[in-house]
Amino acid sequence: MASPTLGGLTTSSTFTLEQPRCVFTNLQDDVVIWLVVAVPKGRWDAARPRGEQPRAGVCSGLPVRPHPAPGSLLIPVLVPAAVRNFNNSVSPGSPEREFQKFPTSALAYMTLNTTLLNYPCPKPTGEIAVLRVGSETSCAEDNTRPTCNGPLPGPGPYQVKFLALRDSNPVAETAWSDLITLRTARQLSSIPTTGSGRSAGMIALTSILSILFAILLAVLVAMLVFCGSNACGGSSSFSKPEAVTVRRYNTHHVYDQPAARL
C-alpha cells in the first residue's frame, strides 16, 4: 500500500499502491510490468450438474458448504484460491485474466501495464509515485478492454503483486501483498445518532417559534397597511369635524339722502 500520509488509501471501489520503483533493478527497460489483482481465498461458487467432477484445489477459510435444493440436479462448486494457485504463464487479457469476469469466472486479472522505463530508480525528490487501482469507470463493462483498470466489484479482501513479462513470458515477480479490504458503505439506519431525542425536541420548538414569529410579522404588516390607508387618523372623511361658529351680521343699508332742499 501507499504511504498512510497520502490519505484516501482505500475507497469503496479503489485502493492506492506505491509504484514498484527500484524493485526490478536487474531487468532491461523494455520489460513490461503488470499489476495482478487476485482473490486470496477460495469460495463456494455457482452450482454444477450432478456427476461432474469437482475442480481440484484446496480452499482455505471457506464457509460451510451449502446443500442443494431438494430434487435439484445441481450442487455447489468448490473454487480454489487464486493466490495459492496462480499461474504466471496465463496471458494478460485472456478469459482467465479478464477484468469483466472478475471475480466470478476469473479469479484474478492483470492491469496497469507499462514498461520498466516508466518506473525510474531512484524516485525524483518530491514526486508522488503511486498507482490508483480501480480508477477507470469507462471500460468497466467493455469486453474489448479485458485489462481495464476498472472499479473493484466489492470490499474484498484482495491481494496484489507485480509481474514482469518479456514477450508474454514471466521473468520476475514480487511477493503477494497483505490483504487489502476496501471501505464498505453503512446503511443510514445503522448509524447511531447521539442525543436524537433532544434534537427532535429542539426541532419541534424551533418550528413552533418560527410559526409564531411569522404570525407576529403578518400582524405587523397588516397594521402598517391599515395605517397607510388613512385609517389611523389624519383623514377628514372619518375625523370629527370641528365646531364652526357662524356670526350673524345685520347689514346697515345706506339710503341715498335726498338733495338738500334749497
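When a residue number appears, it is its place in the shown sequence, counting from 1. All heavy atoms count here, side chains included; hydrogens, waters and symmetry mates do not.
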K.L.:
So do Leu182 and Leu152 actually touch side chain to side chain, heavy atoms under 4.5 Å?
P.N.:
yes
K.L.:
Examine distances only and state if a side-chain atom of Thr111 and a backbone atom of Thr147 form a donor-acceptor pair shorter than 3.5 Å.
P.N.:
yes
K.L.:
Residues two or more places apart in sequence or in another chain: which of them pass salt bridge (Lys or Arg N to Asp or Glu O under 4.0 Å) with Lys123?
P.N.:
none
K.L.:
Would you please test Phe24 and Thr174 for side chain to side chain contact (heavy atoms under 4.5 Å, CB included) and show each step?
P.N.:
CA-CA 9 Å; Phe24 302 100; Thr174 64; 3.7 Å; yes
K.L.:
What closest approach, in Å, do Pro122 and Cys22 show between heavy atoms, and which atom pair accounts for it?
P.N.:
CA-SG, 3.9 Å
K.L.:
To the closest 0.5 Å, what do you measure between CD (Gln19) and CD1 (Ile33)?
P.N.:
11.5 Å
K.L.:
Any non-hydrogen side-chain atom of Thr115 less than 4.5 Å from a side-chain atom of Asp30?
P.N.:
no
K.L.:
Taking the side chain as everything from C-beta on, heavy atoms only, tell me whether Pro92 gets closer than 4.5 Å to Asn113.
P.N.:
no
K.L.:
Got Thr11 and Arg132 here, is their nearest side-chain heavy-atom distance under 4.5 Å?
P.N.:
yes
K.L.:
Any chance CG of Asp178 has more than 12 other-residue heavy atoms, nucleotides or ligands included, within less than 6.0 Å?
P.N.:
no
K.L.:
Grouping I, L, V, M, F, W and Y whenever their side-chain heavy atoms are under 4.5 Å apart, do Val32 and Phe86 come out in a common cluster?
P.N.:
yes
K.L.:
Minimum heavy-atom separation for Gly156 and Tyr158, please, with both atom names.
P.N.:
CA-CE1, 3.4 Å
K.L.:
About how many Å separate CG of Asn88 and CG of Asn169, when rounded to the nearest 0.5 Å?
P.N.:
11.5 Å
K.L.:
Would you say that more than 12 heavy atoms from the other residues, nucleotides or ligands in this model lie under 6.0 Å from the CD of Glu136, or not?
P.N.:
yes
K.L.:
Work out which heavy atom in Val31 is nearest to a heavy atom in Leu165; give both atom names and the distance.
P.N.:
CG1-O, 3.6 Å
K.L.:
My understanding is that only one of Val133, Thr14, Leu131, Leu35 makes a side chain to side chain contact (heavy atoms under 4.5 Å, CB included) with Asn149; could you say which?
P.N.:
Val133
K.L.:
Are the side chains of Pro155 and Ser12 in contact, using a 4.5 Å heavy-atom criterion?
P.N.:
no
K.L.:
On a heavy-atom basis, which atom in Pro157 and which in Pro40 lie closest, and how many Å separate them?
P.N.:
O-CD, 3.0 Å
K.L.:
Taking the side chain as everything from C-beta on, heavy atoms only, tell me whether Ile208 gets closer than 4.5 Å to Ile211.
P.N.:
no
K.L.:
Tell me if a side-chain donor or acceptor on Gln100 pairs with a main-chain N or O of Asp142 at a distance below 3.5 Å.
P.N.:
yes
K.L.:
Tell me whether Asp167 at atom CG has more than 12 heavy atoms from other residues, nucleotides or ligands lying less than 6.0 Å away.
P.N.:
no
K.L.:
Which atoms form the tightest heavy-atom contact between Leu163 and Glu173, and what is the distance?
P.N.:
CD1-CB, 3.8 Å
K.L.:
Among all residues two or more places apart in sequence or in another chain, which pass the ring pair (Phe, Tyr, Trp, His ring centres under 6.0 Å) test with Tyr109?
P.N.:
Phe99, Phe102
K.L.:
Keeping Gln159 on the side-chain end and Ser177 on the backbone end, is there a donor-acceptor pair under 3.5 Å?
P.N.:
yes
K.L.:
To the nearest 0.5 Å, how far apart are CG in Leu224 and CG in Leu220?
P.N.:
7.0 Å
K.L.:
Hey, does the side chain of Ser91 reach the backbone of Ser94 with a donor-acceptor pair shorter than 3.5 angstrom?
P.N.:
no
K.L.:
Would you say Val37 ends up clustered with Val23 if hydrophobic residues are merged whenever their side chains have heavy atoms under 4.5 Å apart, either directly or through other cluster members?
P.N.:
yes
K.L.:
Examine distances only and state if a side-chain atom of Thr10 and a backbone atom of Phe15 form a donor-acceptor pair shorter than 3.5 Å.
P.N.:
no
K.L.:
If hydrophobic clusters are built by linking Ile, Leu, Val, Met, Phe, Trp and Tyr wherever their side-chain heavy atoms come under 4.5 Å apart, do Tyr119 and Val160 end up in the same one?
P.N.:
yes
K.L.:
Report yes if some heavy atom in the side chain of Pro95 is under 4.5 Å from a heavy atom in the side chain of Lys101; otherwise report no.
P.N.:
yes
K.L.:
Using side-chain heavy atoms (C-beta onward) and a distance below 4.5 Å, is Pro146 in contact with Arg97?
P.N.:
no
K.L.:
Please report the interatomic distance CZ(Arg145) to CG(Asn143), rounded to the nearest 0.5 Å.
P.N.:
12.0 Å
K.L.:
Could you measure the distance from the OG atom of Ser105 to the CD atom of Glu98? Nearest 0.5 Å is fine.
P.N.:
7.5 Å
